[in-house]
Amino acid sequence: MSLHRFAFLAAAVALLPLSAEAQDTTHVEGGVRVGITYNPGARPGLVVIPGTGIDSVRAIVKRDLDFSDRFEMIAIADPGSSPGGDAPGGPLNYGLYKALGAEFAVELLSDGDKVTARLHDVGRSTLAQEQSVGLPPPTDANFRLAVHVLSDEIARWATGAPGIAATRILLVQNGRIWLMDSDGLLVRALTPDGQTSLSPAWSPDGRRMAFTRLVQGRGGVFLSTLSTGETTQLAGTETALNITPMFAPDGNHLAFAHSDEKGTDIFVATLGERSVQRLTAGRFADNLSPTYSPDGRRIAFISTRAGPPQLYVMGADGTDQEVLAPFDFGVTGPSYAPEWSPDGGSVVFHREVSGTPQIFVLTVAGQKLRQLTSQGRNEDATWAPDGRHLCFVSDRSGARQLWVIDAETGRVRQLSTPGWARLPAWSRRLAGPAVVPPKP
Amino acid sequence: MRASSILSVLAAAALLAACGKKPAPEQPAPEPPAPAHEEAPPPPPPAVNDDAERMKREAEARAKALREELGDMIHFEFDKADIRASDQTILDRKAAILAANSAVRVQIAGHCDERGSDEYNLALGNRRAASAKRYLAGKGVAEGRLDVVSYGKERPLDPGHTEDAWARNRRDEFAITAGGENLTAPK
């Protein structure tokens, strides 16, 4: 375990200088790989051993591990009917996996109503980790999430950090808020047809969402419990226009922007109380899109106090308001939609470059700015809980669709929706991986 | 910019002309055709009081023209909420009509072009509507008669992606929400 973690960290560190150039691509340089020789910059090779039965589980796990972008996925021919192949429980062929360049081999076995996952350390020709889990039947609504949890656990065994498969994304499509699995499967619509709902935001526990519902040019902030659909309006948002809600990390406070004739200002509501506290006071200016630092002490936001919208930061009580992302007045394009990274070190936002929005990541300490995208219009990015993947809206395929980028390799993939998708919000991990003591 | 008000004047003129051509009531009404159905009532006889009828129609046409002037849109520069000098006359006219008709309430709706984020444009649209309200209030219209809403970029007039389309979409719309039935022209 500790060795793997070290190797992974070394790989991540080695990737950093590469990543500045390797942006926004569907092709990833695999690095030089010779057998099992470790090469900085190359991701560990991983093979999912073919087998029979539980095909749906194997397919989902394989895709999840691929989408984690932490492994060089190595295809292996399915032995199918060939006798003496890698049948479930059959002999492992470490030699073959080694020859293919794999450091890890994942084995999935059907075991009655359980599935056993095994991670093999190919270099040492040993079984590294094993876990048996009971999965609901594939027809069950929780089946895919349960498999995603297993995938994340396998990723944790191999790299020391869990994957991001057991997460979901809220998005807006045709005025309705939808729930999507991290791999792009639309789960269901959460708000009724015929309404205009915008700006979904997850509660930290992943059980509720906040959003804006527009009605005839006005809008309230609403809170909805995902499992029951029970929806209530946030006290203090009954009049005028109330937009861009965002939960504080404590789950008890909700920041939002209130627009009225004096402009747009950020307020914070304490849930369960009717009082709201005003944080900004920009007369005839706009202050909106609040996003909390993970420690809950600071709020990044967008303000037009100096002219075009730009990125600012303040204390969670509204004190010490200052510019967060430096800009040159009249030169730098307008900036929008910040979201603080899960590790607190960065803020993602989009900024127009020659009139076209692109995704930028700002390092909070040192204010280093990195442009992540360059193809088409790219907007409204949201962090995955691993702090390296981001979901955003792009029109690069011709229509506005959701895409995921791995900020470390620059690899992108599309999450297809039938309609025009926008305003994604990525959840935390929705079901923590089971704690399994490492094998001695 | 003033196309709608010109149209409304033309419409009013056409209405007046139609009134003038109306057949004199002395002429006997033509025999109504045999009713297709027993229960169909005969058409009502034409109005007898020509003057009252004409005045009523003229007043209605005037009110319609005033309503349309109240509804004239104003437009904005990119990412701006300032009232353009060329739009001040439109707002001045609205202020005069509102001064002469104290029962009228107006909702001002701010709209944006497709550039900028979905959420920011809601705030920008709000600022555009508020800007017109402040201007009208500055001309003496009671603030309580003016409502402000914003649609951001959710309701473009022109779905195009050109400078012209964007210019058309950056606008305030004005809707009469009360008291628009009988309007008096300002002095």
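These numbers come from a predicted model, not from an experiment. So that the names make sense, note that chain A is the first sequence line, chain B the second, and so on, each numbered from 1.
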(request) Could you tell me the separation between the CZ atom of Phe76(B) and the CZ atom of Arg128(B), rounded to the nearest 0.5 Å? (result) 6.5 Å
(message) Looking only at heavy atoms and a cut-off of under 4.5 Å, which of Thr196(A), Thr212(A), Val172(A), Asp260(A) has the most pairs with chain B?
(response) Asp260(A)
(request) Would you mind telling me which of Glu154(B), Arg134(B), His111(B) has the largest number of heavy-atom pairs within less than 4.5 Å of chain A? (result) Arg134(B)
(request) Under 4.5 Å heavy-atom distance to chain B, tell me which part of Pro334(A) shows up: side chain, backbone, both or neither. (result) neither
(message) With chain B as the partner, which of Glu352(A), Arg422(A), Lys262(A), Glu379(A) has the greatest number of non-hydrogen pairs under 4.5 Å?
(response) Arg422(A)
(message) I need the residue from Gly116(B), Gly125(B), Gly110(B), Ala130(B) with the largest number of non-hydrogen atom pairs under 4.5 Å to chain A.
(response) Gly116(B)
(request) Apply the side-chain contact (heavy atoms from CB on, under 4.5 Å) test between Phe349(A) and each candidate in Ile359(A), Ile302(A), Leu369(A); give the one that qualifies. (result) Leu369(A)
(request) Would you give the length of the straight line joining atom OG of Ser197(A) to atom CZ of Arg176(A), rounded to the nearest 0.5 angstrom? (result) 9.5 Å
(request) Give me the one residue out of Glu69(B), Lys94(B), Met73(B) that meets side-chain contact (heavy atoms from CB on, under 4.5 Å) with Phe174(B). (result) Lys94(B)
(request) Could you tell me which portion of Ala109(B) (side chain, backbone, both or neither) has an atom closer than 4.5 angstrom to a non-hydrogen atom of chain A? (result) neither
(request) Establish, yes or no, whether the cationic atom of Arg396(A) lies under 6.0 Å from the six-membered ring centre of Trp403(A) and within 45° of the ring axis. (result) yes
(message) Just checking Asn182(B): does its CG atom have more than 12 heavy atoms from other residues, nucleotides or ligands closer to it than 6.0 angstrom?
(response) no
(request) Heavy-atom distances under 4.5 Å only: say whether Ser199(A) touches chain B with side chain, backbone, both or neither. (result) both
